[in-house]
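Working notes, beginning with the structure itself.
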Amino acid sequence: MNVLWILLLPMLGTLVPLLLAKQSRSRNAWGTAAAPALALAILLSTTQSVFSGEVLLQQWQWIPLLGLDLTLRLDGLAYLFSLLILAIGLLIILYARYYLSEQDSMPRFYSFLMLFMTAMLGIVLSGNILQIWLFWELTSISSFLLISFWWHKSEARRGARMALTITGGGGLCLLAAFLLLGNIAGSYQLADILEQGALIQQHSLYPLLLVLFLLGCFTKSAQFPFHFWLPNAMAAPTPVSAYLHSATMVKAGIFLLARFYPALSGTELWFLLVSLTGLTTLLVGAYLALFKHDLKGLLAYSTISHLGLITLLFGLNAPLAAVAGVFHIINHATFKASLFMAAGIIDHESGSRDMRRLNGLWQFMPITATLMMVAAAAMAGVPLLNGFLSKEMFFAETLQQHLLGALSWIIPLLATVAAIFSVAYSLRLIHDVFFNGQPKGLTKTPHEPPRYMRLPVEVLVLLCILVGIAPAMLVGGLLNSAAAAVLAGNLPEYSLAIWHGFNLPLLMSAIALAGGVLMYVKRKQLFDFQSALPGVDTLNIFEQLMKQLTRGAEKLYNWIDNGSLQRYMALLLTAFVILAGLPLIQMDALGGGRAEIPIDAVNATGAAMLLISAFATVVWHRKRVVALLMISVVGLMVSIAFTRFSAPDLALTQLSVEVVTIILLMLALFFLPHKTPKQSEPSKVVRDLGLASLVGIIVGSLSYAIMTRPFTTISDFFIANAKTGGGGTNVVNVILVDFRGFDTLGEIAVLGIAALGIFKLLTRIPVFKPSSDGEGRPWARERHPLLLATVAQSILPLALMVSIYIFFRGHNLPGGGFIAGLITAVAIILLYISQGVDWVKARMNIEYQRVVAVGLLIAFMTGLASWLFGRPYLTSWFDYFQLPLFGEIELASAIAFDLGVYVTVVGATLLILASLGKMTTSYRPTHKEQL
Amino acid sequence: MNHWLEWAVAFFLLLGGSFVLIGSIGLVRMPDFFTRLHGPTKATTLGMGGILLGSIFYFSMSPETLSVHEMLITIFLLITAPVSAHMLIKTALHHRLKAVEHTQGEQELKRGQAFASKEGNRSETPDD
Amino acid sequence: MLAQVIFLVFGMISLALLLNLWRLMRGPSLPDRILALDTMYINSIALIILYGLLMGSPLYFEAALLIAMIGFVSTVAVCKFLLRGDIIE
Amino acid sequence: MRMTPRFSWLPTPYRSLLLFVIWLLLNQSLALLHLFFATVLAIGIPWICYRFRDPQPLIERPGLALRYILRVFADIITANAQVAVLILGPVKKLRPAFVRIPLDLQHNLPLTILAASVSMTPGTVSADIYPSIEHLAPDEPQPQRWLLIHVLDMDNEAELIATIKSRYEAPLKEIFQC
Amino acid sequence: MNHLILVPILLPFLTALLIMLPPIHYSAQRRRWLSMISTALLLVVSVVLLLTIKQQGLTFYALGNWQPPFGIIMVADLVSCIMLCLTAFLALGAISYGSAGEDEKGSFFHPLFQFQLMGINGAFLTGDLFNLFVFFEVLLIASYALLIHAGGKNKTRATVHYVILNLTGSAVFLLALAILYGTLGTLNIADMALKVTQLPDDNLMLVKAGALMLLIVFALKAAILPLQFWLPATYASASAPVAALFAVMTKIGVYALLRVFTTIFGEQAGPLQGLANSWLWPFGLATMLLGAIGVLASQDFRKLVANLVLVSVGSLVVLVAVQNTAAHAAVLYYTVHSTLICGALFLLADLIATQRGKAQDRLVAARRVNQPVLLGTLFVLCAISVAGLPPLSGFIGKVMLLQAAFGANGQYWLWAILLLSSLLVLIGLSRAGSTLFWRVSGMQKAEERVQPLQLFAVLWLLSASLLLMVFAGPLTELSFAAARQLADVLGTIQSILPGSGVLP
Amino acid sequence: METLFALCIGFLTACGVFLMLRGRTFPVVVGLTMLSYAVNLFIFASGRLNLKGAVVLGTSDSYADPLPQALVLTAIVIGFAMTAFLVILAIRARADLGNDHVDGSMPAPRHAKRERTK
Ligand code: NA
Ligand code: NA
């Protein structure tokens with residue numbers, strides 16, 4: 001339970017500042033501090049058992065199928081990091097109370113900070129590697145929010161995005177590494193993985209895994225060449241820098257190196273990748289730090305350098321080096337956090353961080369200056385301070401390794417060079433800021449900070465001194481247990497004494513101190529040399545890179561997707577040609593051996609007419625009216641084909657749909673140009689012709705292949721059961737209203753919806769009403785020719801009669817509700833054509849959308865009625881009744897269903913055609929009318 | 001099978017088919033739109049009547065039924081053919097189609113075209 | 001004998017249809033084309049009735065009836081379109 | 001001339017009769033059931049459709065009407081034979097013409113029947129009835145209207161006009177009493 | 001027989017009709033409430049159905065009491081039930097959002113919305129290939145009509161493309177159906193799976209042609225490269241609730257792929273087994289990458305979200321091609337996650353656009369949103385989830401996807417492209433977020449505020465991401481169970497066609 | 001006959017596809033209509049051709065396959081609904097966008113495009 005609370009309390013703590021938002025700033029700070037303080041207390045309560053080597057474990061099932069169980073694991077390493085996170089976190093909370101101004105939203109800051117703390121604790125306490133990743137990414141997110149806290153500053157936004165991009169990318173690599181790791185080890189539990197070091201290192205995927213893993217660690221820990229995000233993250237408020245960029249987040253990568261040390265280290269590859277990266281980073285960071293004029297910039301590069309140092313230590317594949325690494329983690333956290341906070345104080349109280357302007361601050365803030373001097377000295381590795389101890393160990397370790405064979409001496413040499421730089425920039429930090437003449441152009445007079453703002457710095461500096469003097473007493477146990485965890489129990493002999501006698505490491509330290517002082521004294525030449533080099537503005541480069549990436553993406557995307565439907569269609573059809581054509585090519589023979597029906601002259605004539613008129617439609621497609629007439633012939637021939645090949649129902653439907661379509665197209669042509677301009681380039685026409693021919697050839701061949709193959713189908717069932725089970729002799733109709741009635745229900749729904757959609761399309765459409773036809777003739781004078789009007793009125797009853805006839809016979813003979821509905825609708829449309837909208841509206845004022853709804857409802861309810869009899873939806877019913885005089889009659893539920901179809905069709909057709917017709921009248925569809 | 005009926009069927013079918021064909025020949029042969037209109041309007045209608053009569057007789061040959069519903073198609077064609085012709089010739093007037101050269105009553109044609117298209121002056125009488 | 005007659009008439013109707021198509025393609029004016037199409041519709045009725053005779057089946061009657069109706073309505077609609085542009089006004 | 005029907009439930013009796021017959025034609029049956037349906041529909045459909053009908057003069061002389069129909073039928077057959085000959089004959093010898101016939105009839109229904117009869121019979125096609133009275137205000141007097149016809153082969157214009165007026169227009173005036 | 005299976009289709013249908021008729025028809029409030037209540041009820045029904053099926057196993061409903069393979073059947077298995085629940089959940093969010101005023105910007109919003117649901121649910125439930133076509137058409141026609149809701153030039157332009165492409169797609173669907181019917185002689189999916197095993201060699205390639213044509217159709221619906229072109233403009237221009245609902249539309253394509261290519265051409269299909277995989281794999285990867293590039297390239301936020309949809313589609317399709325239980329389980333989990341979160345993003349985009357004045361959702365400096373804290377928080381949460389960052393559901397989805405690829409051919413391609421596209425998405429989202437909320441020009445604030453119903457809608461959809469995370473254990477188990485059921489083709493055939501005898 | 005039938009289907013498809021590839025809405029509508037004819041005939045043909053088998057019970061002894069006919073009926077109706085929607089959409093696009101190009105705007109001529117990129 002204990003370990004859980006260490007994580008849970010800060011998590012709950014994210015809410016505290018939000019809840020206290022209305023309270024005073026101090027209360028907010030104290031309230032926020034309460035949760036981590038309590039967590040710290042719990043952590044301290046476990047000291048005994050952790051130091052004794054116990055591993056506290058807690059586990060809950062979460063996603064067993066992914067191998068992701070919530071596991072908390074507190075060992076020495078986790079203890080060390082938790083301690084750093086919580087303790088320094090508390091100091092930061094206190095510090096931030098004074099650092100943040102009135103304009104800054106304190107609840108937001110504290111909430112983000114607590115979120116970050118939770119994430120960090122999550123990483124170090126996790127006992128499951130997927131869970132580690134979960135918290136790992138959470139640190140990226142929360143640090144993004146913290147870096148961009150002053151979002152109105154452009155460099156804050158950019159810095160945050162840069163950090164997120166780099167660490168996010170690294171996080172993805174880490175995920176891949178973890179998945180590989182889990183897969184190799186057969187478990188995602190940390191404990192299992194740490195035991196499988198040998199297995200993992202022998203696996204063929206180990207190199208890939210390691211590279212991915214290190215990419216994750218190095219990006220987070222700002223190792224070269226990913227280091228550049230860290231200086232740019234300095235746009236964040238200083239408490240953030242002090243916390244994230246010195247003590248915690250940048251250490252997350254280091255933490256992982258330490259955490260997986262037993263499983264991954266010890267190989268040649270590990271050494272090469274880790275130690276060389278660390279060494280490079282150590283040098284690059286130290287060198288660049290010297291030339292930064294920004295206080296925080298200098299600290300940032302120094303952090304990079306120290307992180308490189310720690311990385312190098314872990315890369316040396318030596319147990320003692322690992323111990324030194326752990327030790328330096330502690331020391332770096334203390335002195336760097338205090339330095340950042342002190343820098344923040346200077347910034348806060350003097351209004352600047354530019355060391356070219358900050359001079360002689362000793363006279364204004366002696367206490368702060370003293371504190372900073374001590375911390376800087378610790379950073380430089382001055383004896384009696386904690387930094388000296390770990391640096392000493394570091395030097396010793398660089399001397400112990402023989403990894404580069406005969407060239408192994410390079411490592412201690414370069415380490416010393418880095419140390420010289422380290423001393424030089426530390427010296428600059430002190431001298432340039434606190435002495436070196438008078439301040440230049442500061443906006444306010446610097447002064448000491450409030451009492452409690454300095455307190456965190458004081459505490460940390462005190463620790464630097466105390467650890468420096470009595471290391472074994474103060475951090476002996478901590479280091480011991482942490483190092484033991486890193487080394488999986490194989491702790492080497494080592495001593496934390498201040499004095500190891502005169503030895504090579506001490507000499508290296510001395511050289512570093514002396515060299516550093518000398519270098520600082522001679523800094524002028526170095527600075528001149530550096531300023532002669534071309535400056536590298538990483539932020540701008542990154543921004544430019546991102547812009548180029550975006551622009552490149554845009555260009556590529558627009559090149560692929562140029563917004564032209566013709567291209568989309570061509571691609572769709574090409575896909576068709578390839579996918580449908582390939583199997584055809586693989587086929588042995590197209591024909592399937594089924595005997596063909598002989599061709600007769602009449603059918604040949606029909607086919608010829610069909611082909612000619614289809615061809616004519618294409619040829620004349622730009623003369624739209626002519627094309628329409630030609631395609632009517634095609635439609636007519638198709639209907640005749642249906643009749644010829646024993647499908648009277650199809651012919652009827654095709655014919656009735658045909659007429660409605662022609663009316664529709666005629667209506668539409670009024671609002672569209674009558675001619676299509678010639679626009680396609682010849683090459684495009686050729687391409688289209690080719691594509692169309694290929695599609696045609698494939699479809700025709702497929703059809704031929706099917707028709708000439710023998711066949712067995714479920715249709716025999718329909719023929720056998722139409723009369724006995726469906727009560728009708730027209731099998732097609734019985735299929736429609738009974739066997740597959742659900743299709744029909746969907747089909748009339750489509751029709752109804754289309755009608756609604758069309759009404760919607762016509763609502764409030766801007767009318768464009770041509771005053772003359774395509775040739776420029778004004779329209780004819782007579783709106784409603786007399787003969788047509790009279791005849792249309794006489795045809796109506798006839799058509800109604802025919803449609804009733806067609807309706808009722810449908811079940812047993814060709815016909816049915818759909819065709820009947822279209823006949824009725826056409827008869828009414830004929831009235832619209834011959835008499836106009838006003839005339840019809842005066843005699844019949846129906847909202848057709850309601851007719852559609854009623855029709856659908858009838859069909860729907862017919863289906864539902866079968867539930868009353870405990871039957872599935874749409875179960876049909878029919879029976880024969882013997883009536884006196886009339887004889888036998890059949891009643892069937894199919895009739896009711898067909899009635900629904902009929903009403904829907906009438907409603908939908910009229911809604912479509914009449915709405916379109918009404919566009920030029922005072923009854924135009926508007927939205928209000930419908931409301 | 002009733003022999004007489006069979007003859008009747010053959011007769012009417014042949015008669016109808018001939019007239020239908022003649023109507024279409026007219027459509028192709030005649031020199032201008034107005035003369036072309038006559039064939040399809042009249043000959044074809046009659047031809048259809050013949051074929052439909054043939055069909056009526058044919059289906060009446062089978063013993064149990066008297067098939068007369070083809071009458072309905074005939075009625076329909078008789079009602080609609082003049083209207084179609086009327087609409088077509090109105091369109092032709094509106095489009096000012098030329099009549100073949102030796103057509104008599106040129107002014108009547110002109111006047112008809114004028115009335116088809118003229119806007120306004122609705123009560124004007126077609127007097128010279 | 002009847003079968004031969006029916007085939008003969010089939011031939012006549014087919015020829016008539018082709019003639020219609022010729023006029024439809026040839027034009028020259030739109031009314032000419034519409035007239036040709038209207039005639040084609042009517043001739044198709046004959047064709048379908050003949051199919052009915054050939055099959056000895058009355059199932060084709062409705063298709064013929066329907067063509068009579070749609071031929072008329074589409075002809076009227078196209079003419080109205082050419083006359084007034086707006087077919088429902 | 002009478003424009004309003006005798007029975008409101010049976011506004012158009014001849015049309016009802018026609019529908020009654022058509023229903024029986026369609027179903028090809030004289031069974032009691034169909035007779036019953038035919039009656040219902042013959043009454044019901046005209047009743048529904050009556051609102052979609054402009055008032056027209058009613059047939060006052062049904063006998064005459066029947067005779068007129070038979071005459072037109074006979075004319076169709078003879079006229080068609082003539083037209084067939086003309087179509088197959090030499091095209092050059094045709095004497096096409098446009099002719100204008102003054103109209104005595106005024107109402108839409110008789111005019112329509114006249115125009116239709118003319119279209120179906122002797123080598124003539126009705127082209128137009130003008131002027132149109134569509135835009136006429138209700139109080140304006142009706143102008144003299146004309147029937148424009150196209151003749152395929154015209155012999156004598158006056159004779160043709162006289163034939164049409166006497167053979168078709170006069171009986172229609174009689175039938176509708178207008 | 002359990003009528004419950006049919007309710008997800010019938011309920012929205014009836015609701016749509018009732019909304020069009022008096023007395024509901026008359027008042028906007030009544031229309032809204034009926035629509036919302038009905039959708040909530042739909043969710044309840046879907047969940048109950050899911051629980052029932054989980055207990056009883058696969059169940060089917062024979063419409064008209066005509067037994068398969070002759071009649072049309074609706075099949076409820078875990079996969080379809082999960083999709084039903086997803087749709088209802090999403091729809092409730094979308095309809096709530098729409099009821100805050102968007103619905104009155106054009107006619108028939110609620111009926112069309114319900115019709116759309118009917119079509120979608122029908123497509124999920126049907127066990128008949130032609131009936132699937134019909135429901136596709138129902139949902140398509142409703143989507144056409146919804147797409148133009150509230151009007152505007154962009155909508156019209158996008159709709160023209162969308163409609164024409166889909167009409168072509170429908171034609172291909174019909175051709176494919178005809179080929180399959182003409183060779184297999186049946187339309188029932190389970191029966192087709194059975195008939196495929198008895199196919200004469202002569203017909204093999206014909207069936208393959210039909211199947212690959214179906215692949216085109218579903219790829220078009222799912223928006224797989226090179227058939228994805230309709231998607232960005234369509235989704236970016238649609239009215240917010242419509243776009244949110246559309247988030248599930250591409251998933252219908254993925255679902256159909258899963259259904260057809262694991263059942264009909266599943267393990268029993270012999271030489272035709274898994275015939276789509278070699279196509280789906282590369283094109284899925286390409287789609288994913290293109291979507292990620294699109295996220296970077298997008299000049300406005302809605303287009304960015306539309307491209308996020310593409311990314312998710314690409315990931316799903318690749319996994320469909322992997323064709324193992326873990327992959328299909330991942331597909332299911334990830335589908336639910338990505339659909340809901342994309343829906344939430346579309347709604348959120350609308351809220352942001354409304355508050356940014358003229359700039360709308362374009363990624364340029366503009367006036368500050370009125371409620372930066374609220375919208376910003378929502379944005380961050382949505383972004384975290386959709387980018388696959390922890391702790392929201394996206395991260396679980398991503399882990400599932402990556403894990404499922406273990407052992408697949410070309411696993412590293414998938415990993416590389418998936419991770420790369422994740423990075424690109426992260427970059428794109430951080431750019432979008434910082435532009436939308438932080439690049440402020442002028443101090444003028446808009447007056448628009450988020451309405452309660454709108455807020456509810458976004459929170460509702462976002463809460464899904466949280467629930468998917470918290471209950472990830474049982475939900476992944478459910479996904480695996482569903483995937484196992486899906487893969488058990490022989491079992492499916494046995495339960496639908498019990499008389500079909502023992503298969504080879 | 002099957003050959004002829006397949007030829008017609010293929011030719012109609014090709015014509016329809018060609019028209020659907022045009023740049024204006026109206027030819028696309030016409031092309032779509034043509035393609036629908038082809039597709040309907042194709043579905044119909046999947047039940048194999050039969051000259052003498054209208055599926056009305058009691059009128060024949062070898063019936064055509066009724067199922068494709070029913071499918072075609074559904075396809076015709078749905079096709080009609082879709083065509084209608086597309087037609088009206090074309091009108092709407094013309095009204096909203098001022099032209100009847102499928103992309104809602106005239107594509108710039110090629111040489112003009114090249115100049116712009118220069
Ligand atoms: Na200075
Ligand atoms: Na109009």
Side-chain angles (χ1 to χ4, degrees), chain B residues 1 6-7 9-11 13-14 16-29 32-33 36-37 39-41 44-45 47-48 50-52 54-55 58-59 62 65 67 69-70 72-74 76-77 79-81 83-95 97-98 116-117, chain C residues 1-2 4-6 8-24 26 28-32 34-36 38-43 45-47 49-50 52-53 56-58 60-62 64-69 71-84:
Chain B
M1 175 79 81
E6 200 173 325
W7 275 105
V9 172
F11 170 75
L13 287 183
L14 277 174
S18 316
F19 270 98
V20 166
L21 183 57
I22 289 170
S24 294
I25 291 173
L27 183 67
V28 171
R29 270 195 91 205
D32 67 356
F33 171 79
R36 272 173 220 145
L37 190 56
T41 312
T44 303
T45 314
M48 287 308 298
I51 288 178
L52 290 165
S55 171
Y58 179 89
F59 284 108
S62 53
T65 55
S67 170
H69 61 193
E70 283 86 347
L72 190 61
I73 298 179
T74 318
F76 215 94
L77 287 179
I79 294 178
T80 57
V83 183
S84 303
H86 172 68
M87 292 299 288
L88 280 165
I89 205 165
K90 265 179 95 74
T91 312
L93 288 176
H94 174 65
H95 278 209
L97 294 191
K98 293 230 163 57
S117 314
Chain C
M1 176 210 60
L2 201 51
Q4 282 93 324
V5 169
I6 289 176
L8 184 61
V9 181
F10 256 130
M12 289 173 165
I13 306 290
S14 302
L15 184 57
L17 280 170
L18 286 173
L19 292 174
N20 298 336
L21 185 64
W22 188 85
R23 178 51 75 196
L24 177 56
R26 184 76 179 69
S29 69
L30 273 174
D32 278 307
I34 303 169
L35 174 62
D38 190 58
T39 314
M40 195 183 280
Y41 276 123
I42 294 173
N43 291 359
I45 300 175
L47 197 66
I49 293 288
L50 284 177
L53 293 190
S57 157
Y60 300 90
F61 159 73
E62 282 73 24
L65 182 63
L66 217 58
I67 294 181
M69 188 163 161
F72 167 67
V73 176
S74 8
T75 305
V76 163
V78 181
C79 289
K80 181 87 196 283
F81 172 73
L82 292 181
L83 286 167
R84 298 279 309 164

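Please read all numbers here as calculations on a predicted model, not as lab measurements. No hydrogens, no waters, no symmetry mates; every other heavy atom, side chains included, goes into these values.
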Find the distance between [atom1] ([X]) and [atom2] ([Y]) and round it off to the nearest 0.5 Å.
{"X": "L27(B)", "Y": "R26(C)", "atom1": "CG", "atom2": "CZ", "answer": "12.5 Å"}
{"X": "L77(B)", "Y": "M69(C)", "atom1": "CG", "atom2": "CE", "answer": "13.0 Å"}
{"X": "L15(C)", "Y": "S24(B)", "atom1": "CG", "atom2": "OG", "answer": "8.0 Å"}
{"X": "L83(C)", "Y": "T91(B)", "atom1": "CG", "atom2": "OG1", "answer": "4.0 Å"}
{"X": "L66(C)", "Y": "F76(B)", "atom1": "CG", "atom2": "CZ", "answer": "9.0 Å"}
{"X": "R29(B)", "Y": "R23(C)", "atom1": "CZ", "atom2": "CZ", "answer": "12.0 Å"}

Side chains of [X] and [Y] in contact at under 4.5 Å (non-hydrogen atoms):
{"X": "H95(B)", "Y": "P31(C)", "result": "yes"}
{"X": "T75(C)", "Y": "M87(B)", "result": "no"}
{"X": "L21(B)", "Y": "L19(C)", "result": "yes"}
{"X": "L50(C)", "Y": "L13(B)", "result": "yes"}
{"X": "I42(C)", "Y": "P40(B)", "result": "no"}
{"X": "I79(B)", "Y": "F72(C)", "result": "no"}

Checking heavy atoms, do the side chain of [X], its backbone, both or neither come under 4.5 Å from chain B?
{"X": "N20(C)", "result": "both"}
{"X": "L82(C)", "result": "both"}
{"X": "M40(C)", "result": "neither"}
{"X": "S57(C)", "result": "backbone"}
{"X": "I67(C)", "result": "neither"}
{"X": "V76(C)", "result": "both"}

Looking at [options], which has the largest count of heavy-atom pairs under 4.5 Å with chain C?
{"options": "V28(B), L93(B), L37(B), T45(B)", "value": "V28(B)"}
{"options": "I89(B), T41(B), I51(B), I25(B)", "value": "I51(B)"}
{"options": "G23(B), S55(B), G39(B)", "value": "S55(B)"}
{"options": "D32(B), L97(B), I73(B)", "value": "I73(B)"}

By the definition side-chain contact (heavy atoms from CB on, under 4.5 Å), identify the one residue from N43(C), L47(C), V9(C) that meets it with V20(B).
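The single option meeting the side-chain contact (heavy atoms from CB on, under 4.5 Å) with V20(B) is N43(C).
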Against chain B, work out which of G71(C), G56(C), A36(C) has the most heavy-atom pairs shorter than 4.5 Å and name it.
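Ranked by heavy-atom pairs under 4.5 Å with chain B, first place is G56(C).
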If you count heavy-atom pairs under 4.5 Å with chain B, which of V73(C), L30(C), L65(C), L53(C) comes out on top?
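Among the listed options, the one with the most contacts to chain B is L53(C).
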Side chain to side chain contact (heavy atoms under 4.5 Å, CB included) assessment of K90(B) paired with C79(C)
CA-CA 8 Å; K90(B) 265 179 95 74; C79(C) 289; over 6 Å; no
Shortest non-hydrogen contact from P28(C) to R36(B)?
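P28(C) and R36(B) have their closest heavy atoms at CD-NH1, 3.8 Å.
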Kindly check if the number of other-residue, nucleotide or ligand heavy atoms within 6.0 Å of CH2 (W7(B)) is above 12?
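No.
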